[in-house]
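For reference, the structure is listed below as structure tokens.
Each chain gets a letter, A, B and so on, in the order the sequences are listed, and its residues count up from 1. Here the structure is a predicted model, which means the values were calculated and not measured.
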Amino acid sequence: MLSLNYIREHQQEVTDRLAIKNFDGTGIIGRIVSLDDQRRETQKRLDDLQAQSNLLAKEIGVLFQSGKAAEANQLKEKTAEIKSASKEIDAAFEAIKKELDELLVRVPNLPHSTVPAGKTPAENVVMLQEGAIVPVAPDAVPHWDLTTKYDLIDFITGNKITGAGFPLYKGKGARLQRALINFFLEEALKEGYNEVQPPYMVNAASAYATGQLPDKDAQMYHVGLDDLYLIPTAEVPVTNIYRDTILKVQDLPVKNVAYSACFRREAGSYGKDVRGLNRLHQFDKVEIVQIASAEKSYEVLEEMLAYVTGLLRKLELPFRVLKLCGGDMSFTSALTYDMEVWSSAQARWLEVSSVSNFETFQSNRMKLRCKDENGKMHIPHTLNGSALALPRIVAALLENNQTPDGINIPKVLVPYTGFDVIN
RNA sequence: GGAGAGAUGGCAGAGCGGUCGAUUGCGGCGGUCUUGAAAACCGUUGACCCGCAAGGGUCCGGGGGUUCGAAUCCCUCUCUCUCCGCCA
């Protein structure tokens, strides 16, 4: 979330920048500032009463100990008055704080100054496009036919076991998944990331901290009996490692990588978007997460971007990099790059990665801070990116590499798959 | 799932109704000594909120209660440990 002080001191700027994200902040920002004014004033009154009461309690203690019970009892009456007065003010104080918190967590992050305005994905800016988009043979088929032809993925049985969006990977399909996960993890290790295996369910506090709650609660699966959420991405548990912690500034940047299954309800999706592997309720992803100093975070973002595009090159996939426009950015992000690969048989771009800088938005929510050599506190920036999400990579690999004799596996993956062709 | 014990500062660990934000040890930081280091010795060392400051307030797992006053008493939740049961 945004810091209250920043909102107070830059009301107009905040409202203007939120507008780039298509968020109308005119009402809510004013309300937040006025609530904060009330909060400060109420707290002052409460603190003063409390100070009086503390003083009296001490006096009473001294009187009792020196045997002056009558005087002590006289003072007690005074404290009763203070008590009932502070009770009322305290109730008001709590109500103010509650409303303030509820509003504050609903304000999106501010977009970086370079974020282009725009309302729809069509207004995202193409930063880079690489790899030849070679037209495939006229008889090329989309991946959902290839997975059936080579018995790689059984959507029907997945449907029976669970429902739509929960595919069953089989044989070389399953092995290809495992190979990709290993490849992505090994590459991240070479890049200096520390591997972690996080829980796949998180509590509400964690989901709030990274910004999935309260904004996107309908996107997550919720386990009602235990009040836990299935993770929509490893970002949630991995970033929450650092919730309520104080890092040393010299330990930055912190670089973690995690493989996890991801679960998303994807309510409202339909049509060609959900065909085959294009959009699933359960999918696999390797996620990189960094915590960096405010000064370095945009360098780190570029470095993460370069790392992800490097993976796509190694997989020999044509790709492009988009800088998201305000309207297409997530609630939490200050700047996001999306990576898309070309899916030849569908003749469309598929998003396979999204790398973002959240600046202090998540750090503020989760009370993540770092201390410098002089003991001064700073708020570090959090960043993350998919490196990479599997299903659409698989879709593109299958479609782009299909030949009449089978599907060729990129050289770099062969040590991981143990086979170089699917036929 | 059953029985018991516990949750205090970076860590260990006192405190069990009043001057305790908290003894002490370790660790960290600064210094003395030393050619340098170690050892020894001295000092220092939590976070948050309001305030220009002085200062005030809050925090001893979370929430609630008793009391003039709670780290200390009561209730409740969560978590941890030990034993038993079950089990990948």
Would the distance check show the side chain of A:Thr210 and the main-chain N or O of A:Ser206 forming a donor-acceptor pair, the cut-off being under 3.5 Å?
yes
Short heteroatom pairs, N/O only, protein and nucleotides 65-71 of chain B, under 3.5 Å:
none

For B:rA38, which nucleotide in any strand shown is its Watson-Crick or wobble partner with both distances under 3.5 Å?
none
Sorted by chain and residue number, the salt bridge (charged side-chain N to carboxylate O under 4.0 Å, His left out) partners of A:Arg369 (sequence neighbours excluded) come out as none
Expected output: side-chain A:Thr239 to main-chain A:Val236 donor-acceptor under 3.5 Å
no
Below 4.0 angstrom from OP1 or OP2 of B:rC49, is there any side-chain N or O of A:Arg39?
no
Rounded to whole Å, CG of A:Asp244 lies from P of B:rG9 at a distance of 14 Å
Going by purine N1 to pyrimidine N3 plus the second Watson-Crick contact, or the G-U wobble pair, all under 3.5 Å, which nucleotide sits opposite B:rG18?
B:rC68
Side chains of residues 187-194 of chain A: which donor-acceptor pairs under 3.5 Å do they make with residues two or more places apart or in other chains?
{"from": "A:Glu187", "atom 1": "OE1", "to": "A:Lys314", "atom 2": "NZ", "distance (Å)": "2.6"}
{"from": "A:Glu187", "atom 1": "OE2", "to": "A:Lys190", "atom 2": "NZ", "distance (Å)": "3.0"}
{"from": "A:Tyr193", "atom 1": "OH", "to": "A:Gln290", "atom 2": "NE2", "distance (Å)": "3.0"}
{"from": "A:Asn194", "atom 1": "ND2", "to": "A:Asn256", "atom 2": "OD1", "distance (Å)": "3.0"}

Taking atom P in both B:rU76 and B:rC68, compute the distance separating them and give it to the nearest angstrom.
24 Å
Pairing partner of B:rC59 (Watson-Crick or G-U wobble, both distances under 3.5 Å):
B:rG46
Residues which pass side chain to side chain contact (heavy atoms under 4.5 Å, CB included) with A:Gln74, listed by chain and number, not counting sequence neighbours
none
Separation of the P atoms in B:rC73 and B:rG15, to the nearest angstrom:
12 Å
Ring geometry between A:Tyr221 and A:His281 (parallel below 30°, tilted from 30 to 60°, perpendicular above 60°):
perpendicular
Sort out the partner of B:rU78 for me: Watson-Crick or G-U wobble, both distances under 3.5 Å, none otherwise.
B:rA7
Heavy-atom closest pair (A:Leu397 atom, A:Pro410 atom, distance to 0.1 Å) is CD2-CG, 3.6 Å
Go through the structure and list residues passing salt bridge (charged side-chain N to carboxylate O under 4.0 Å, His left out) with A:Arg279, not counting sequence neighbours.
A:Glu266
Polar-atom pairs under 3.5 Å, protein N or O versus N or O of nucleotides 56-61 of chain B: list them with distances, or write none.
{"from": "B:rG56", "atom 1": "N2", "to": "A:Asp47", "atom 2": "OD2", "distance (Å)": "3.1"}
{"from": "B:rG57", "atom 1": "OP1", "to": "A:Asn54", "atom 2": "ND2", "distance (Å)": "3.2"}
{"from": "B:rG57", "atom 1": "O2'", "to": "A:Asp47", "atom 2": "OD1", "distance (Å)": "2.8"}

Report the residues that fulfil salt bridge (charged side-chain N to carboxylate O under 4.0 Å, His left out) with A:Asp145, sequence neighbours left out, ordered by chain and then residue number.
none
Whole-Å gap separating C1' (B:rG28) and CD (A:Gln250)
11 Å
Restricting to salt bridge (charged side-chain N to carboxylate O under 4.0 Å, His left out), what partner residues turn up for A:Glu99, sequence neighbours left out?
A:Arg31
Applied to residues 168-177 of chain A, the salt bridge (Lys or Arg N to Asp or Glu O under 4.0 Å) test, sequence neighbours excluded, yields A:Asp151-A:Lys170, A:Asp154-A:Lys170
May I ask which nucleotide in the shown strands pairs with B:rA88, Watson-Crick or G-U wobble, both distances under 3.5 Å?
none
Pairs: protein N or O with nucleotides 74-79 of chain B N or O, under 3.5 Å:
none

Do any side-chain atoms of residues 376-388 of chain A form donor-acceptor pairs under 3.5 angstrom with protein atoms, and if so which ones, sequence neighbours left out?
{"from": "A:His378", "atom 1": "NE2", "to": "A:Asp372", "atom 2": "OD2", "distance (Å)": "2.8"}
{"from": "A:His381", "atom 1": "ND1", "to": "A:Ser297", "atom 2": "OG", "distance (Å)": "2.7"}
{"from": "A:Thr382", "atom 1": "OG1", "to": "A:Gln362", "atom 2": "OE1", "distance (Å)": "2.7"}
{"from": "A:Asn384", "atom 1": "ND2", "to": "A:Glu235", "atom 2": "OE1", "distance (Å)": "3.4"}
{"from": "A:Asn384", "atom 1": "ND2", "to": "A:Glu235", "atom 2": "OE2", "distance (Å)": "3.3"}
{"from": "A:Ser386", "atom 1": "OG", "to": "A:Ser354", "atom 2": "N", "distance (Å)": "3.1"}

Taking N or O atoms only and anything under 3.5 Å, show me the protein contacts with nucleotides 44-48 of chain B, one pair per line.
{"from": "B:rA47", "atom 1": "O3'", "to": "A:Arg369", "atom 2": "NH1", "distance (Å)": "3.0"}
{"from": "B:rC48", "atom 1": "OP1", "to": "A:Arg369", "atom 2": "NH1", "distance (Å)": "3.1"}

